[in-house]
Amino acid sequence: MATNGLPITGKRCITYGTFDLFHEGHQKLLQRARELGSHLIVAITSDSFDAARGKLNVRQPLMERIEGVQNSGLADQIIIEEYQGQKVHDISKYKIDIFAIGSDWTGSFDYLANHCEVVYLERTAGVSSTQLRGELRLGIVGCGRIAQRFVQEAKFVSGVRVEAVYSRLLSSATEFASRSGILHIFESIEELLDTVDAVYIASPHLTHVPHVTAALMSGKHVLCEKPLCFTRQEAETLYKLASEQGVVLLEAIKTAFLPGFRQMVAVAQSGDIGKICSISATCTMLRSPTGREYDAEQAGGSITELASYPLLAIVKLLGHGAIDSVSSKSIRHSETGIDILSRIDILTDGAMATGTVALGAKAEGDLVIAGTKGYIYVPAPWWIMTSFQLRFEDATKYRNFSTLMEGDGLRYELAEFIKMISEGRSESSDLTTKESCAIAWCIERVRSECQTIGVQ
Ligand SMILES: NC(=O)C1=CN([C@@H]2O[C@H](COP(=O)(O)OP(=O)(O)OC[C@H]3O[C@@H](n4cnc5c(N)ncnc54)[C@H](OP(=O)(O)O)[C@@H]3O)[C@@H](O)[C@H]2O)C=CC1
Ligand SMILES: O=C1OC[C@@H](O)[C@H](O)[C@H]1O
């Protein structure tokens, strides 16, 4: 008898894994799996499947991981695992007798016992891909709403451990640390910086520049919440400092790192919609007038809180060097004076863009990118996009795109940050230094020349 062209002489065994940085533990596991039968199939996870299930810090691309398994000489056949539920299909397709997997998964695959024998293999103690990748010790500065979400998301990114926290108030940091299982709490940012390899700055806007500066000065990699700063000069100074110190500085505009946004940018730039001539991006989030976002002393307002998102789309799609003019109009809050709704207009040679942001008005948060041949429509909330549609004059010729986004999306920026550090890269193509500086420049122009058209 033959299955997929392969003769069967005994039991057929299958095992699954990522096999990143192929090591002795993998070798021994495959050896044990091989001894269970006469034909061993090794299923290696595809890059996109790993990303979709939240395994975001795999060092080697699929081809290199395949090579690692091949070089072991232990696999009779290698296949790729691409989707959830594939194991059941594989067992039937390849006429599998035994499903084998490391004992760290004990219990997880008992459901396959209806299809074949399930064996959990002993793992080699003291060696793992995680160990080989090493774990970056991350400190968090500020422990408010975004930090709370971030610390949960960080659990899904391998190669990093949130180790310490510093906040303005020791009581806040202590409470946050005990809720999140963080070991070290510090009363000063300097003490925190002494203990970690990298920091995530999640404190309010006006603290970003001093905190980032302190971290870079002490040679730490920095992931900083948006907006990184309010002027181009500040942005350029910070990136120069990062480069001089040989560390990574990344602005955490989460949208830039989402699989959906990456794909949308690629489609927009593919020529399918022709030449981009107009962008309209709206981002509104109602916030309490008593919160940080309405506090003028803390640089509150719709522009500082939300403009990073539309500006990211505009700068990414029109080009960081293409912007000729930036202007804006705002409606302000009668009591605090902050802008509760602002419209930013950007012109380039041959294209125009509008970003609308609001903390005190609600609108459809969609994104429309118009081109000479068609347009892209991204439904609300586009800044955490998971789908978009390509549309044309002939309304029947649309194409739908959808991508998986795990959690609330923050894990992707962290995964890119960790990858940059491990690969010794100072630039991310998702959000380049120049793009981040251009966004800071637009915020600077808008803040200095904004026309108030009324109060509410
Ligand atoms: N990417 C995203 O989706 C989001 C990004 N953000 C960005 O993150 C930043 C923080 O926003 P958010 O979490 O909403 O804010 P919060 O007001 O909820 O939290 C801010 C935290 O910073 C602490 N803090 C205040 N001043 C200082 C200081 N001088 N030094 C250290 N810590 C300080 C406060 O703690 P304490 O009790 O100690 O004063 C508080 O825990 C903003 O810049 C915002 O734009 C915000 C939300 C979402
Ligand atoms: O960037 C943001 O996105 C999420 C919101 O909750 C937050 O206020 C804003 O800063």
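Computed from heavy atoms alone, side chains included, the values below leave out hydrogens, waters and symmetry copies. Atoms within a ligand are numbered from 1 in the order they appear, just like the ligands themselves.
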[X]-[Y] side chain donor-acceptor pair, cut-off 3.5 Å:
X      : Y      : value
Thr452 : Arg332 : yes
Glu175 : Ser172 : no
Thr45  : Thr18  : yes
Ser422 : Arg59  : yes
Thr372 : Lys275 : no
Ser46  : Glu81  : no

N or O pair under 3.5 Å between [X] and ligand 1:
X      : value
Thr207 : no
Pro227 : no
Ala252 : no

Which residue and non-hydrogen atom of the protein lie closest to [atom], and at what distance in Å?
atom                    : answer
atom 45 (O) of ligand 1 : Lys226 O, 2.9 Å
atom 30 (N) of ligand 1 : His211 CE1, 3.3 Å
atom 22 (O) of ligand 1 : Pro204 CD, 3.3 Å
atom 9 (C) of ligand 2  : Glu305 OE2, 3.4 Å
atom 34 (C) of ligand 1 : Ser167 OG, 3.8 Å
atom 43 (O) of ligand 1 : His205 ND1, 2.9 Å
atom 10 (C) of ligand 1 : Ala202 O, 3.4 Å
atom 31 (C) of ligand 1 : Arg168 N, 3.5 Å

Show the atoms of ligand 2 that are less than 4.0 angstrom away from any heavy atom in [X].
X      : answer
Lys226 : 1 (O), 2 (C), 9 (C), 10 (O)
Lys254 : 3 (O)
Tyr309 : 1 (O), 2 (C), 3 (O)

For [X], does the [atom1] atom have more than 12 heavy-atom neighbours from other residues, nucleotides or ligands under 6.0 Å away?
X      : atom1 : result
Lys434 : NZ    : no
Glu244 : CD    : yes
Glu187 : CD    : no

For ligand 1, indicate whether the residue [X] contacts it via side chain, backbone, both or neither (heavy-atom separation under 4.0 Å).
X      : result
Phe176 : neither
Arg292 : side chain
His208 : side chain
Ser203 : both
Glu225 : side chain
Lys254 : side chain

Below 4.0 angstrom from a heavy atom of [X], which ligand 1 atoms are there? Numbered from 1 as shown, please.
X      : answer
Tyr166 : 30 (N), 31 (C)
Glu305 : 44 (C), 45 (O)
Tyr309 : 1 (N), 2 (C), 3 (O)
Gly142 : 22 (O), 23 (C), 32 (N)

task = Could you walk me through whether Glu449 and Lys329 pass the salt bridge (Lys or Arg N to Asp or Glu O under 4.0 Å) test, one step at a time?
result = CA-CA 9 Å; Glu449 289 172 23; Lys329 295 182 175 54; over 6 Å; no

Just to be sure I'm reading this right: ignoring hydrogens, which of [options] gets closest to [atom]? Compare them by their nearest heavy atoms.
atom                    : options                        : value
atom 4 (C) of ligand 1  : Ile146, Ile140, Leu306, Thr255 : Ile146
atom 37 (O) of ligand 1 : Ser172, Ser171, Ser308         : Ser172
atom 41 (O) of ligand 1 : Ala173, Gly144, Gly291, Cys224 : Gly144
atom 8 (O) of ligand 2  : Arg287, Glu225, Arg149         : Arg287

request  = Before giving the answer on ring pair (Phe, Tyr, Trp, His ring centres under 6.0 Å), spell out for Tyr200 and Phe150 the whole-Å C-alpha distance, their side-chain angles and the decisive distance to 0.1 Å.
outcome  = CA-CA 9 Å; Tyr200 167 59; Phe150 181 90; 3.6 Å; yes

Is the closest heavy-atom distance from [X] to ligand 1 below 4.0 Å?
X      : result
Glu293 : no
Phe150 : no
Gln148 : no

ask   = Should Cys442 and Ile323 count as side-chain neighbours, where that means a heavy-atom distance under 4.5 Å?
value =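 With C-beta onward as the side chain, the pair touches.
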
Nearest atoms (heavy-atom pairs only) where Ala361 meets Leu341 =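 Result for this residue pair: CB-CD1, 3.5 Å.
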
key: Closest non-hydrogen atom pair, Ile101 against Thr15   =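 Closest approach of Ile101 to Thr15: CA-OG1, 4.1 Å.
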
Solution key, residues 205-213 side-chain donor-acceptor pairs under 3.5 Å, sequence neighbours excluded:
| residue | atom | partner | partner atom | Å |
| --- | --- | --- | --- | --- |
| His205 | NE2 | Glu305 | OE1 | 3.1 |
| Thr207 | OG1 | Ser203 | OG | 2.7 |
| Thr207 | OG1 | Pro204 | O | 2.6 |
| His208 | ND1 | Glu225 | O | 3.3 |
| His208 | ND1 | Pro227 | O | 2.7 |
| His208 | NE2 | Ser203 | O | 2.7 |
| His211 | ND1 | Ser203 | OG | 3.0 |
| His211 | ND1 | Thr207 | O | 3.3 |
| Thr213 | OG1 | Val209 | O | 2.6 |

query = What part of Met285 sits under 4.0 Å from ligand 2 if we count only heavy atoms: the side chain, the backbone, both or neither?
reply =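 The side chain, only.
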
task = Return yes if some donor-acceptor pair links the side-chain N/O of Arg65 with the main-chain N/O of Gln60 below 3.5 Å, else return no.
result =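 Indeed, once roles are kept as given, a pair shorter than 3.5 Å links the two residues.
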
inquiry  = Using a 3.5 Å distance criterion without hydrogens, assess whether the side chain of Tyr239 forms a donor-acceptor pair with backbone atoms of Leu250.
reply    =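 Such a contact is absent between Tyr239 side chain and Leu250 backbone.
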
task = Check step by step if side chain to side chain donor-acceptor pair (under 3.5 Å) holds for Gln148 and Arg179.
result = CA-CA 9 Å; Gln148 188 55 51; Arg179 227 182 316 132; 2.5 Å; yes

